[in-house]
Amino acid sequence: MNNPIQPLALHPDRLFSSDVKVVEIARALYQEIKDLPIISPHGHTDPSWFNENKNFGNATDLFLKPDHYVFRMLYSQGIQLTDLGIPQHGEQGDLASSKAADPNKAWQIFADNYHLFAGTPSGYWLDSVFSDVFGFTEKLCSENAQQYYQDITAKLATPEFKPHALMDRFNIEFIATTEGALDELKHHRAIKETPMAKRVSTSFRPDDVVDASREDFNDNIEKLAQLTGEDTNTWQGYLAAIRARRAYFKKEGRATATDHGHPTALTADLPLAECEQLFAKCLSGQSTEAEQELFRGQMLTELAGMSIEDGLVMQIHPGAHRNHNKPIFDVYGRDKGCDIPSQTEYVNALKPLLSKYGNHPKLSIILFTLDETTYSRELAPLAGHYPSLKLGPAWWFHDSPAGMLRFRQQATETAGFYNTVGFNDDTRAFLSIPARHDVARRVDCRYLAELVTNHQITLKEAHTLAYQLTYGLVKKAYKLD
């Protein structure tokens, strides 16, 4: 396809609606909050970036290889992941060990197909980064691909593009990474005695030791025993080991939150004897899919009880059919763009957990969803009642301008604004963080402006809410103030 060079120009009123009155109010709201610090409490950036503060290698390593939003679109058009530099199982992903294509060639493929991202959030974020961070005035295409690659790679080698400098430039006040329960947190421990410790923390993601459907579940339980000194062949020893890892994450990684990516929102509250029997069945390797699901549900309730004990905020984001493309999973592993949203039920699924702990003043749960049909029917009413529940933002497949607007429209009437937690970017792509947060700020200002124009809230209320949605609510929800 011939991709002629086009100008890259971001309109100052982008995403503010086509209604002149709404645009006027949204513009005024945005001017007050656009430069507020970024709080990024849920993400998947590499903690070594903030510990070692090394320059990023090249344009492909930064934009293409870590971002499944990007390479899943290219794969959908028949482009092989090896041609994009995506490492296979057992590879470290660097150029010395990867069997994949040269990064320069991978970038050319990306540029040749950049038209695929028109109208997508990824296209918007990438254009924003290319314009605002690197200063490009032409849209990426086949003809300027190598100039892009050379200019980006050259700038990445400068001190101004080291992670610490970019943290300051982007005004990132706080960022949380996410690590599995068995992670040693070596980079977080190294950061611990530095000024960066106030700005970077981990989140505790125990899926590797609570999901009995994983191929490595039994190995992980053995590693859990080795790390903690607990007998993880017993139910009580297993729970004690998880408590120990939570304490380790709080102390060494300064964690303020946990993170749970279960297939469904199912919870359970089984008697002790049944918990012991179910755990033993899962360890035996003979458990059925239904038993594995019940075990995950029981563990969500157990983990909620632990959150009451240690104060960690609990993030639950169910509804992803993980690794749907098995051949890709077998060759490339997890998190390669093969996760698909699935229908999710919350009201009955969460009832066992909420019946036991939902009214406890020390429990804080943030609910996410990939199923937009639940916003007004289930999630907003739940968060509009239970004091322990807050709604996470439009997320993953829906952290787009339209998705964010739908979330506000469907959730606000029942849950209000103050039962939500602002925005988080959930990204591995470091340079896209300011662009993603800017989208959320613009969409929120648009929605507030519409309410003002319709005389549903006052302009003064809109200014207060713009601040809260951008900065105040997220700090409160994640206990960062």
Side-chain angles (χ1 to χ4, degrees), residues 38-44 174-178 201-207 246 249-250 255-262 264-267 299-301 303-308 310-320 344 346-347 349-350 353-354 357-372 374-375 378-399 403-404 407-408 410-412 414-427 436-437 440 444 468-481:
I38 288 174
I39 306 293
S40 179
H42 174 107
H44 301 278
F174 175 82
I175 189 168
T177 66
T178 305
S201 78
T202 187
S203 296
F204 178 71
R205 177 78 172 254
D207 297 5
R246 292 171 67 104
F249 269 61
K250 282 191 68 174
T256 66
T258 67
D259 189 25
H260 311 276
H262 290 204
T264 76
L266 180 74
T267 63
M299 284 310 300
L300 278 181
T301 302
L303 292 162
M306 294 181 194
S307 283
I308 291 173
D310 61 24
L312 293 178
V313 176
M314 188 176 191
Q315 300 175 102
I316 303 176
H317 55 270
T344 309
Y346 289 85
V347 173
L350 290 173
L353 187 158
L354 294 175
Y357 294 127
N359 301 297
H360 200 290
K362 292 186 178 180
L363 180 61
S364 297
I365 299 175
I366 298 174
L367 290 176
F368 294 82
T369 189
L370 290 171
D371 183 355
E372 290 188 316
T374 64
Y375 285 160
E378 299 184 43
L379 292 181
L382 284 167
H385 172 73
Y386 282 96
S388 60
L389 294 183
K390 297 289 183 289
L391 298 186
W395 166 68
W396 197 356
F397 282 81
H398 308 302
D399 56 349
M404 293 173 184
F407 172 77
R408 291 294 178 206
Q410 296 181 43
T412 302
T414 304
F417 290 107
Y418 289 88
N419 282 316
T420 64
V421 300
F423 176 71
N424 61 59
D425 47 75
D426 187 40
T427 187
R436 293 173 189 239
H437 282 260
D444 282 341
Q468 289 295 335
L469 295 177
T470 301
Y471 187 73
L473 292 179
V474 64
K475 292 199 71 173
K476 182 179 180 181
Y478 286 88
K479 303 181 179 180
L480 301 177
D481 50 357

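Numbering of residues begins at 1 and proceeds along the displayed sequence. Remember, predicted model here, so these are calculated numbers, not experimental data.
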**Student:** Return yes if some donor-acceptor pair links the side-chain N/O of E378 with the main-chain N/O of Y346 below 3.5 Å, else return no.
**Tutor:** yes
**Student:** Do V474 and F423 make a side-chain contact, defined as non-hydrogen atoms from C-beta onward lying under 4.5 Å apart?
**Tutor:** no
**Student:** Determine whether a donor-acceptor pair (N or O, by modelled atom type, separation under 3.5 Å) exists between the side chain of S388 and the backbone of G358.
**Tutor:** yes
**Student:** Taking atom CG of L469 and atom CG of D444, what is their separation to the nearest 0.5 Å?
**Tutor:** 4.5 Å
**Student:** Once rounded to the nearest 0.5 Å, what's the spacing between atom CG of L300 and atom CG of L350?
**Tutor:** 8.5 Å
**Student:** Is there a donor in the side chain of R246 and an acceptor in the side chain of T258, or the other way round, less than 3.5 Å apart?
**Tutor:** no
**Student:** Salt bridge check, D259 against R205: does any charged N sit closer than 4.0 Å to a carboxylate O?
**Tutor:** yes
**Student:** With distance as the sole criterion, is a donor-acceptor pair present between the side chains of D426 and H44 under 3.5 Å?
**Tutor:** yes
**Student:** Is it true that a side-chain atom of K250 and a backbone atom of D310 form a donor plus acceptor pair closer than 3.5 Å?
**Tutor:** yes
**Student:** So, H42 versus F368, ring centres under 6.0 angstrom or not?
**Tutor:** yes
**Student:** Looking only at non-hydrogen atoms, find the nearest pair between K479 and S364 and report the distance.
**Tutor:** CE-OG, 4.1 Å
**Student:** Just wondering, do Y418 and K390 contact through their side chains at under 4.5 Å, heavy atoms?
**Tutor:** no
**Student:** When rounded to the nearest 0.5 angstrom, what distance separates CG in L391 from CG in L382?
**Tutor:** 8.5 Å
**Student:** Do the side chains of T420 and L473 get nearer than 4.5 Å, heavy atoms only?
**Tutor:** yes
**Student:** Holding to side chain to side chain contact (heavy atoms under 4.5 Å, CB included), I want the full list of residues that pass it with A304, two or more places apart in sequence or in another chain.
**Tutor:** M314, L353, Y357, L363
**Student:** Which heavy atom of V421 sits nearest a heavy atom of A477, and at what distance?
**Tutor:** CG1-CB, 3.4 Å
**Student:** Give the minimum heavy-atom separation between G403 and E372, together with the two atoms involved.
**Tutor:** CA-OE2, 4.0 Å
**Student:** Any donor-acceptor pair under 3.5 Å linking the side chain of H360 with the backbone of K362?
**Tutor:** yes
**Student:** Determine yes or no for a side-chain-to-main-chain donor-acceptor pair under 3.5 angstrom, with T414 supplying the side chain and A411 the backbone.
**Tutor:** no
**Student:** Per the side-chain contact (heavy atoms from CB on, under 4.5 Å) rule, which among T369, L367, T344 passes with P318?
**Tutor:** T344
**Student:** Quick one: are N359 and P387 in side-chain contact, heavy atoms under 4.5 Å?
**Tutor:** yes
**Student:** Counting only N and O atoms by type, is there a donor-acceptor contact under 3.5 Å from the side chain of S307 to the main-chain atoms of L312?
**Tutor:** yes
**Student:** Evaluate the side-chain proximity of F174 to S201: yes if any heavy-atom separation is below 4.5 Å, no if none is.
**Tutor:** yes
**Student:** If we ignore hydrogens and angles and just use 3.5 Å, is the side chain of T267 paired with the main-chain N or O of T301 as donor and acceptor?
**Tutor:** no
**Student:** Taking all non-hydrogen atoms of both residues, which atom of N424 and which atom of P41 are closest, and how far apart?
**Tutor:** CB-CD, 3.7 Å
**Student:** Check salt bridge (Lys or Arg N to Asp or Glu O under 4.0 Å) between K475 and all other residues, then give those that pass, not counting sequence neighbours.
**Tutor:** E173
**Student:** Dump the intermediate steps for side chain to side chain contact (heavy atoms under 4.5 Å, CB included) on L303 and H260, then the final yes or no.
**Tutor:** CA-CA 10 Å; L303 292 162; H260 311 276; 3.5 Å; yes
**Student:** What distance do K476 atom NZ and I39 atom CD1 have between them, rounded to the nearest 0.5 Å?
**Tutor:** 15.5 Å
**Student:** Taking C-beta and beyond as the side chain, do V313 and T256 meet within less than 4.5 Å on heavy atoms?
**Tutor:** no
**Student:** Name all residues meeting the side chain to side chain contact (heavy atoms under 4.5 Å, CB included) criterion together with A394; count only those two or more places apart in sequence or in a different chain, and write none if there are none.
**Tutor:** Y375, H398, M404, F407
